[in-house]
K.L.:
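This is the structure, below, for whatever I ask next.
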Amino acid sequence: VENVRLLDRVSSRKAALGTLYLTATHVIFVENVSETRKETWVLHSQISSIEKQATTATGCPLLIRCKNFQVIQLIIPQERDCHDVYISLIRLARPVKYEELYCFSFNPKLDKEEREQGWKLVDLNEEYNRMGIPNNYWQISDVNRDYGVCDSYPTEVYVPKSATAHIIVGSSKFRSRRRFPALSYYCKDNNASICRSSQPLSGFSARCLEDEQMLQAIRKANPGSDFIYVVDTRPKLNAMANRAAGKGYENEDNYSNIKFQFIGIENIHVMRNSLQKMLEVCELKSPSMSDFLWGLENSGWLKHIKAIMDAGIFIAKAVAEEGVSVLVHCSDGWDRTAQVCSVASLLLDPYYRTMKGFMVLIEKDWVSFGHKFNHRYGNLDGDPKEISPVIDQFIECVWQLMEQFPCAFEFNERFLIHIQHHIYSCQFGNFLCNSQKERRELKIQERTYSLWDHLWKNRADYLNPLYRSEHSQTQGTLHPQMAPCNFLYKFWSGMYNRFEKGLHPRQSVTDYLMAVKEETQQLEEELEVLGERLANLQKLQLNGNKVNSKQQDRSKQLGLSASSNSIANTPQEYSNDLKSFPSRSPSQGDEEDSALILTQDNLKSSDPDLSVNSDQESGVEDLSCRSPSAGGCLPSEDSGKDSDEAVCLAV
Amino acid sequence: MLRSGQPLTGPNRKRCHEDEVLLGTVLDEGERGFIIDTRSAQAAKQARMMGGGTEPKSSYPQWKRLHRPLERGRPLQESFIKLVEACNDASLSMDRWLSRLESCRWLSHVKAALSTACLAAQCVDREEVSVLVHGAEGTDTTLLVTALAQVILDPACRTLVGFQGLLEREWIKAGHPFHLRCARSAYSHARLKQEAPLFLLFLDCVWQLSRQFPFSLEFGEGLLLTLFDNAYASDYGTFLCNNEKERRVAGRWGQQCLCKVKESTHSLWAWLNQPEEKKKYLNPLYSHNPLVIWPSVEPQSIQLWQGLFFRWIRSSQYLDEAQAEMQRLVQGN
């Protein structure tokens, strides 16, 4: 469709004129301005809702809201065209079959072996081995090898040595969705563990010997403690209400040596509404400070984030400080349980704060344990009541921790944002379906590519320059301050206002520091090379040989000159009083337009699907140049070769 | 950019030929100028009854007046006190924190101050029009606006030395009554009439700028905290008294002076500029930015200055470590 206008979210006066394209996988808007031809790409999978607004004099407005919080406002001149686009998008954004998803047509031009290798990058068996399992207390069980015991669990589960197959099967019959207690994290320093399950089908008085034995087995697997905590992450009222439906929670009288604890985290419906309210605040036009703060509080979002964090802290403390094992569950054990177990693991074990470790963590507690990605994030058209920002909340908890502990994580904010983006994008196969069983049936690993491989290949973009593995902040357990620390929870505008360039600091400190780090490394390597050369020359001189004055090719300089940071930016509308100013003709646009505003996204976009602002100012090249040593390997001796890695990696 | 006190028009709409000529000299024939009045239109009108007022259109035809009310005086001090109380309230649940923060209104004041300063800067830089800023006395919100506008406009004011010069010029010499305004701070029970944290508000706004433009200021948060401390209680004479008259030696015209500040005290700047001290205050990321820096004043962009308001409440250990790491990286290069 031609002559479509794309409105700027912040400054409604700025509208780009261009052409709108609909393909099988994307919506694409291409600006008419001939020099830039700026493109905005949106994957259908990202579309959360489409709203057709009332036709005005300028045309027919269409509002597209995305799951990655991008909001696109289009004005389509003809009502008929607008309607057609609307209907098409509705259909395209609600696929019925998995095969419609982008991951099945996405082609990064890797061969079969490379694809396979990519999937092998994260190996959970290796992970449990790293934890120290199998050992005297824990073992791997194949009781679920054909998904016969629990179809939402993986084929390989880790259980206490004293839990026989009989006990496991018996316990599974007494748990909602058959999700029996299984190991999530084992701390080899003190044998304390974090196990997870779903709620017991205890009703008001039902008991199950095998389930009670299962919990005893978990306790016995930790000789250092004579009891375990059982943590129910639901509000007490909800858990009690479940009893009327024949489910509920563990009775301390029936289960020997447990200490039961409620930690009230609200359910998926509350969270869905909370996000909705927060996004409404983000959509306010020129809100006052009051509007914003009231709106944010009213949504309850940060309160929920804190609740998840507090639960994680409780569990981490129980394991690290008390040396007591914890069994965590909610209702079905695939939402709040996943959030809380992964936050706790992150606090406990510095490995999960490395890039690789974080991928492993998500693979373990979310993917393998059957978090319902399809239902929660709408891969396919489904029940809107199942949709909920569960993993988004976990990702935000990680970001909040990164803000409190800037040196403790190997990865940066961009890593988190890209992961969130791809959970919804369905460009890779990792987050499809609701369980391992479904993914294997669909042969995901043979037909799609792994996100982890893609991120790993681009890991230079995702590093935190302040991370040093020998730094004190990265060792051991993280101790976030608990109450009173409400103020420590900030609104994550990098995520929820991601595409509003004008809101963010114009200059990325992370990228600058990474460039500095790389340049220093490069210079140090050069120094080494020159030192060796000098030694050689001295040797040659001693041997009386003629020395050729060889011109050393200097490897590409990063040129971190002052000018690289001089970036023009434009004032926003500070005055509501537009008439105050002498009128300017609309054609007299600002030359230094918002196109020049740099954010992390612009500098390092390794995915064309993120609507890339492809404009680059001269200073940008300097910051985003990478030395040959990018990617962690040392350059070969002749560092004179011009290795030129493209900034925007076409995938 | 000019600043002044309010014109003393009074209820009888007095005129002053000299004042009109003075303002007239600023503008060329046919040129327009803006007056940014930091009082609301209502307050400015009421000021007339007390002998003050605004510039009447008829007497100053080339000047257009804009009202951008900025809080000052008691209400601003109350806002500050409430914020400090909220920060110290350990019983506050997450449920209530944001609304409590909102009810202090401090962040709204930061937003308003930044917006007004940006407006003044816009007049000068974008519209290329002269601007006169005044409130009532010209010693509080006026200085806030003109000083902040210069940080936004002028890269020289963003250097360590330039910023000191700005403070000397736009706050100290310009006659901000530090002695009255920075008397007891937020914990005192004595609610002094003349006390108001305008200077702190200015420092907060500068901090917001440093957050939004991490490469553009030569100094870091540490300097701002030190300035805050010294405005209220200092080993040095720089922030003493209320104006130059009170500070000076008996001058050529034989004025009495209260303090003989220059003879009897040391200058804060002299101490700060010593090499070993100075390096503590420098921003390792600084790189001269010759352009104007336009901040975002959207609520998401304005944050609570944790380094100041939670300074004694929570440990800054991890953030300090990050800062040290940043320094190490840059210096290593």
Side-chain angles (χ1 to χ4, degrees), chain A residues 10 282 287-294 296-297 300 302-303 306 404-408 465-466 468 471-473 481 483-491 493 497 502-507 509 512-513 516-517 519-520 523 560 562 564-572 574-575 577 580-582, chain B residues 32 34 64 66 87 89-99 101-102 105 107-108 111 115-116 118-119 121-122 126-127 129 211-216 285 287-291 293-294 296-304 306 309-310 313-315 318-319 321-322 325-326 329-330 332-333:
Chain A
V10 177
C282 294
S288 68
M289 205 70 217
S290 275
D291 294 334
F292 178 72
L293 290 173
W294 270 109
L296 193 56
E297 180 162 278
L302 290 177
K303 178 183 73 167
K306 181 171 189 291
Q404 289 188 42
F405 300 94
C407 299
L466 301 179
R468 264 190 299 140
H471 193 285
S472 61
Q473 226 178 86
Q481 288 181 295
C485 63
N486 301 319
F487 49 82
L488 290 176
Y489 291 91
K490 297 185 236 175
F491 173 76
S493 70
N497 292 125
L503 284 184
H504 308 295
R506 270 62 163 194
Q507 303 152 306
V509 175
Y512 174 73
L513 289 174
V516 167
K517 210 171 177 178
E519 191 190 56
T520 304
L523 289 172
L560 294 162
S564 60
N565 286 319
S566 309
I567 302 156
N569 74 312
T570 48
Q572 64 172 86
Y574 299 113
S575 169
D577 204 354
S580 323
F581 287 124
Chain B
R32 287 221 293 168
F34 284 104
K64 164 134 188 165
L66 301 171
C87 293
D89 191 348
S91 72
L92 260 187
S93 71
M94 195 65 203
D95 264 1
R96 301 278 155 73
W97 162 246
L98 292 173
S99 53
L101 180 61
E102 194 286 319
R105 312 268 311 141
L107 293 178
S108 300
K111 183 181 192 312
S115 303
T116 309
C118 286
L119 184 61
Q122 237 178 333
R126 291 278 156 146
E127 307 297 319
V129 152
R211 229 190 35 87
Q212 293 196 30
F213 297 93
F215 297 93
S216 301
L285 300 175
S287 138
H288 174 75
N289 179 359
L291 302 169
I293 55 175
W294 299 107
S296 158
V297 297
E298 293 303 309
Q300 295 94 318
S301 307
I302 295 175
Q303 286 189 13
L304 182 59
Q306 292 197 12
F309 292 104
F310 296 108
I313 297 173
R314 63 112 177 88
S315 160
Y318 304 113
L319 298 177
E321 283 173 3
E325 194 58 32
M326 239 185 267
L329 279 176
V330 174
N333 183 259

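Letters A, B, ... mirror the listed sequences (proteins, then strands); counts begin at 1.
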K.L.:
As an exercise, state the distance from CG of B:D95 to CD of A:E297, rounded to the nearest 0.5 Å.
P.N.:
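That separation rounds to 6.5 Å.
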K.L.:
Looking at chain A, which one of B:G332, B:P299, B:S296 has the largest number of heavy-atom pairs inside 4.5 Å, strictly under?
P.N.:
B:P299
K.L.:
Which pair of non-hydrogen atoms, one from B:Y318 and one from A:Q404, has the smallest distance, and what is that distance?
P.N.:
CB-O, 3.3 Å
K.L.:
Taking the side chain as every heavy atom from C-beta outward, state whether B:R96 and A:K303 have any atom pair closer than 4.5 Å.
P.N.:
no
K.L.:
Heavy-atom pairs under 4.5 Å with chain A: which of B:S99, B:P214, B:A322, B:S301 has the most?
P.N.:
B:S99
K.L.:
Report yes if the side chains of A:M289 and B:E102 come closer than 4.5 Å at any heavy-atom pair, otherwise no.
P.N.:
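No, their side chains stay 4.5 Å or more apart.
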K.L.:
Indicate yes or no for a side-chain donor-acceptor contact from A:S493 to the backbone of B:Q300 under 3.5 Å, with no hydrogens or angles considered.
P.N.:
no
K.L.:
Between A:S288 and chain B, with a heavy-atom cut-off of 4.5 Å, which part of the residue counts as in contact: side chain, backbone, both or neither?
P.N.:
backbone
K.L.:
When you compare the side chain of A:V509 with that of B:M326, does any pair of heavy atoms fall below 4.5 Å?
P.N.:
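In contact.
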K.L.:
Heavy-atom pairs under 4.5 Å with chain A are the metric here; pick the option from B:K111, B:R211, B:R105 that has the most.
P.N.:
B:K111
K.L.:
Answer yes or no: is there a side-chain heavy-atom contact under 4.5 Å between A:W294 and B:L98?
P.N.:
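Side-chain contact under 4.5 Å: no.
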K.L.:
Are the side chains of A:L488 and B:Q306 in touch, meaning some heavy atoms are under 4.5 Å apart?
P.N.:
yes
K.L.:
Would you name the heavy atoms of A:T520 and B:L329 that are closest together and state the gap between them?
P.N.:
OG1-O, 4.4 Å
K.L.:
Please tell me if the side chains of B:L319 and A:P406 come closer than 4.5 Å, counting only heavy atoms from C-beta onward.
P.N.:
yes
K.L.:
Can you tell which part of B:F309 gets under 4.5 Å to a heavy atom of chain A, answering side chain, backbone, both or neither?
P.N.:
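For B:F309, there is no contact with chain A at all, as no heavy atom is under 4.5 Å.
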K.L.:
Is there side-chain contact between B:L101 and A:L293, with heavy atoms separated by less than 4.5 Å?
P.N.:
yes
